[in-house]
Amino acid sequence: MEDKFSAAAVPVVTAHVDPSCPFAWITSRWLMEVARMRPISLRFEVMSLAVINEHRDLEPWYRAFNDRAWGPARVCTAAAAHHGPAALAELFPALGRRIHDAGDKDFDAVIPAALAEVGLPVELARVAYRDDVDERMRTSTARAQQLVGEGLGTPTIAVDDVAFFGPVLTSIPRGDEAVRVFEGARLLAGCRAFTELKRARVDELSFA
């Protein structure tokens, strides 16, 4: 029997994500699980929460979160700019495992450790406190927003020529369920009349 996931049908999946966002991390973990279960070409691009919320009136706790989010997003942007998308595809999970799975919010320690893990120059950590990659980060964020609308944010997923915000998940679908969620999201997003599917969040976030 012919494999239903033939090479000709391999979708190109771009995850527009911010390394500080827990929902983006869960969605990325789900996509990595999909990639384990079926052929997809998965890549990452930076969609910065700090950029999106830069001029918005936010609650103090969320303003503090966004102000700190500049650092990891800048480093991811610099890694992609200087070492290519493959470097970002390795650095983003290395950061996510520390920031979200391990709950380590000490970015001064987390960023150099993640860079060292994936073999990138530890000196890139200094970019967290500079603005020389901000224009590039604004461009990548604007590119993602153009796909789904300026009112939406991360995670934004593009599958070939179909893009959508989310799915926003509280835990990581595994195995066959991961693939079913992927195909379902892709099918819904491919319908131009489809706009939103949402329900109240009842579960705590789980990165397990």
Side-chain angles (χ1 to χ4, degrees), residues 13-29 31-32 42-158 163 165 205 207:
V13 181
T14 304
H16 299 267
V17 289
D18 186 301
S20 297
C21 176
F23 295 105
W25 175 237
I26 290 174
T27 296
S28 73
R29 291 280 303 277
L31 288 173
M32 286 185 265
L42 177 60
R43 63 191 301 272
F44 294 91
E45 289 195 9
V46 174
M47 187 178 191
S48 167
L49 282 174
V51 168
I52 292 170
N53 293 309
E54 186 174 12
H55 302 298
R56 292 179 177 175
D57 184 18
L58 305 176
E59 293 185 27
W61 72 269
Y62 195 46
R63 168 52 59 202
F65 171 87
N66 278 271
D67 289 347
R68 295 189 72 242
W70 284 101
R74 283 169 170 162
V75 173
C76 283
T77 301
H82 298 300
H83 301 278
L88 176 57
E90 293 185 355
L91 178 59
F92 179 80
L95 286 168
R97 286 191 294 270
R98 289 169 169 80
I99 295 171
H100 303 295
D101 293 352
D104 189 348
K105 310 303 182 184
D106 181 0
F107 292 165
D108 287 341
V110 162
I111 293 173
L115 288 166
E117 177 188 325
V118 301
L120 289 171
V122 175
E123 292 75 20
L124 276 177
R126 299 172 186 168
V127 177
Y129 300 100
R130 305 201 308 258
D131 62 3
D132 45 304
V133 297
D134 286 6
E135 190 58 36
R136 182 183 291 268
M137 193 161 68
R138 295 181 199 281
T139 299
S140 67
T141 299
R143 185 165 55 243
Q145 288 187 300
Q146 287 169 3
L147 296 173
V148 292
E150 291 188 2
L152 300 177
T154 181
T156 285
I157 308 302
F165 168 67
L205 296 188
F207 304 111

Check your understanding: Checking Thr14 side chain against Arg43 main chain: does a donor-acceptor pair fall under 3.5 Å?
Key -> no

Review point. Tell me, do Phe207 and Arg97 make a side-chain contact under 4.5 Å, heavy atoms counted?
Key: no

Study note, to complete from the structure: Of all heavy-atom pairs linking Phe107 and Ser20, the shortest is CZ-OG, 4.0 Å

Point to revise | Taking every non-hydrogen atom, the tightest pair across Arg136 and Ala81 | key: NE-CB, 3.5 Å

Review point. Under 4.5 Å between any side-chain heavy atoms of Val17 and Val46, yes or no?
Key: no

Review point. Counting only heavy atoms not in Glu123, do more than 12 fall under 6.0 Å of its CD?
Key: yes

Review point. Atom CG in Asp67, atom OH in Tyr62: separation rounded to 0.5 Å?
Key: 11.5 Å

Point to revise | Test item: Trp70 and Asp134 side chains (from C-beta on) under 4.5 Å apart, heavy atoms | key: yes

Exercise for review: Report the C-alpha distance between Leu95 and Ile111 in whole Å, list the side-chain angles of each, state the deciding distance to 0.1 Å, and finish with yes or no for side-chain contact (heavy atoms from CB on, under 4.5 Å).
Suggested key: CA-CA 7 Å; Leu95 286 168; Ile111 293 173; 4.1 Å; yes

Study note, to complete from the structure: Heavy-atom nearest pair, Pro112 first then Ala125, reads CG-CB, 4.0 Å

Review point. Taking the side chain as C-beta and beyond, is there a heavy-atom pair between Phe23 and Leu205 under 4.5 Å?
Key: yes

Revision key, fill the gap. One should read off an interatomic distance between Thr77 OG1 and Arg138 CZ, to the nearest 0.5 angstrom, of 11.0 Å

Review point. Can you check whether His16's main-chain N or O pairs, donor with acceptor, with Thr154's side chain at less than 3.5 Å?
Key: yes

Check your understanding: Does a salt bridge link Arg56 with Glu54, judged by any charged N lying under 4.0 Å from a carboxylate O?
Key -> no

Exercise for review: Report yes or no: does Asp18 contribute a side-chain atom to a donor-acceptor pair with the main-chain N or O of Leu49 at less than 3.5 Å?
Suggested key: yes

Check your understanding: Is Arg68 atom CZ crowded by more than 12 heavy atoms from other residues, nucleotides or ligands, each under 6.0 Å away?
Key -> yes

Exercise for review: Begin from the C-alpha positions of Gln145 and Ile52 and carry the test side-chain contact (heavy atoms from CB on, under 4.5 Å) through to its verdict.
Suggested key: CA-CA 9 Å; Gln145 288 187 300; Ile52 292 170; 3.9 Å; yes

Practice item. Rounded to the nearest 0.5 Å, what's the gap from CG on Leu115 to NE2 on His83? Could you check? Key: 8.5 Å

Practice item. Over all heavy atoms of both residues, which pair between Ala73 and Pro19 is shortest? Give the atoms and the distance, please. Key: N-CG, 3.8 Å

Practice item. Taking Ser140 for its side chain and Met47 for its backbone only, find out whether a donor-acceptor pair lies under 3.5 Å. Key: no

**Study point:** Close side-chain approach of Val51 and Met137, heavy atoms under 4.5 Å
**Key:** yes

Practice item. Could you tell me the separation between the CG atom of Leu147 and the CD1 atom of Ile157, rounded to the nearest 0.5 Å? Key: 10.5 Å

Check your understanding: Is a side-chain N or O of Arg74 found less than 3.5 angstrom from the main chain of Val133, in a donor-acceptor match?
Key -> no

**Study point:** salt_bridge(Arg29, Asp101) N-O dist < 4.0 Å
**Key:** yes

Check your understanding: Got a donor-acceptor contact below 3.5 angstrom from the Ser28 side chain to the Trp25 backbone?
Key -> yes

Check your understanding: Sub-3.5 Å donor-acceptor pair from the side chain of His82 to the main-chain atoms of Leu124, do we have one?
Key -> no

Practice item. Would you mind reporting whether Asn53 and Phe65 have side-chain heavy atoms less than 4.5 Å apart? Key: no

Point to revise | Side-chain (Arg98) to main-chain (Ala94) donor-acceptor, under 3.5 angstrom | key: yes

